[in-house]
Protein chains: 2
Amino acid sequence: MQNPNTQGKSMEELNLFLQEHGVKPSYQRTRIYEYLLNHMTHPTVDEIYQALADQIPTLSKTTVYNTLKAFMDAQLVRMVNIEEHEARFDVDLSTHGHFKCEKCGHIYDFELDMSEFKSDFLKTFLIKEKNIHFQGVCSKCLSASDQH
Amino acid sequence: MQNPNTQGKSMEELNLFLQEHGVKPSYQRTRIYEYLLNHMTHPTVDEIYQALADQIPTLSKTTVYNTLKAFMDAQLVRMVNIEEHEARFDVDLSTHGHFKCEKCGHIYDFELDMSEFKSDFLKTFLIKEKNIHFQGVCSKCLSASDQH
DNA sequence: TTTCAACGTGTAATCATTATAATATGAATA
DNA sequence: TATTCATATTATAATGATTACACGTTGAAA
């Protein structure tokens, strides 16, 4: 068992999945996609690279960039621009919002019902992506600072 | 008349406005705020700098950064992180969404009624900012590409 | 086996942003 | 008026994420 935390998906299954979505599989690509599946915490390029560099000593950060770009082109991954300086990535393609806590830095997902959203102004626009980014203090940090 | 496009606000009025909002006025700060008022097109740091460098030859880009930070701290300006690599700035503090056209790059404002938005998950969170960034193709570019 | 395109890698370049240090400013005070 | 002191402005250098580039590898098709 080489990769324990694969959420039940074998390398072969992942390869097939990538292939079906127009991404030619490779060891690096499969392992990066696997990482994204097992760490749905909106990781940065560096986090992905650092985590995999141990197991794939030859891995290059450029490969992580290239792979994420390929995933984005194939609509397998979405870029999350909630951080000021660093891009984050999300395999969850469902419509959901992101909340960034200013205290602990954690990024939470929250459900979002956009079905009732209507905009006269945008009705003649082609909307491809909807990014909803909230910011503030999460409940955990709020109750922590309540202590006196 | 030194600064023609001031939307009717004189330097003195702008100085007073800044002062009332906790920002100590200076020539540079007033001119930068004036620029933001007259160009509500979500300009980048560089756009602001380039536009004012002619009129204020000693202006430093660092000053533009520092000033925008001061404005943000004073809640006079909001950063718009809709661009992948460059921050944009908005003096319009009302709740509204931004739409970026992939073709022409223009960033549109659109009205947004968040009053009916409810989230069980976030009800214990302190929400300080709500950023709504849509992306796609604007009506102008759509009809332009319809031509055959 | 040859070929050829695509992929992966390491290095260098780019570019927005931030840090730093020196100078200028301007109000308060002596 | 001269002095002081905090703050603002500026130029330069440093940082750090991202991209460009060149080269070596791979892997499938012919």
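A, B, ... follow the sequence lines: proteins, then strands. Residue 1 opens every chain.
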Without decimals, in angstroms, what is the distance between [X] [atom1] and [N] [atom2]?
X	N	atom1	atom2	value
B/Phe89	C/dA16	CZ	P	13 Å
B/Tyr65	C/dC15	OH	P	13 Å
B/Tyr27	C/dA24	OH	C1'	17 Å
A/Asn66	D/dA20	CG	C1'	11 Å
B/Met79	C/dA16	CE	C1'	11 Å
B/Asn81	C/dT17	CG	C1'	12 Å
A/Arg31	C/dC7	CZ	C1'	18 Å

Heavy atoms only, 4.0 Å cut-off, all strands: where does [X] land among base, sugar-phosphate and nothing?
X	result
A/Asp46	nothing
B/Lys61	nothing
A/Thr58	sugar-phosphate

Select from B/Ser60 and B/Lys24 the residue whose nearest nucleotide in DNA chain D is closer to the 5' end of that strand.
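Result: B/Lys24.
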Are any of [X]'s side-chain N or O atoms less than 4.0 Å away from OP1 or OP2 of [N]?
X	N	answer
A/Thr62	C/dT9	no
A/Thr63	C/dT9	yes
A/His85	D/dT15	no

Can you tell me if [X] and [Y] form a side-chain donor-acceptor pair at under 3.5 Å?
X	Y	answer
B/His98	B/Asn131	no
A/Asn81	A/His133	no
B/Tyr27	B/Arg31	yes

Residue B/Thr67, side-chain atoms from C-beta onward, closest of C/dT18, C/dT9, D/dT9
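Output: D/dT9.
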From D/dT9, D/dT10, C/dT9, nucleotide with atom closest to B/Ser26 side chain:
D/dT9
Return the 5'-most residue of the pair B/Glu86, A/Arg29 with respect to DNA chain C, ranking by each residue's nearest nucleotide.
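Final value for this comparison: A/Arg29.
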Relative to the ring of A/Phe110, is the ring of A/Phe134 parallel (under 30°), tilted (30 to 60°) or perpendicular (over 60°)?
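A/Phe134 vs A/Phe110 ring planes: tilted.
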Pairing of B/Lys9 and B/Glu34 as salt bridge, 4.0 angstrom limit:
no
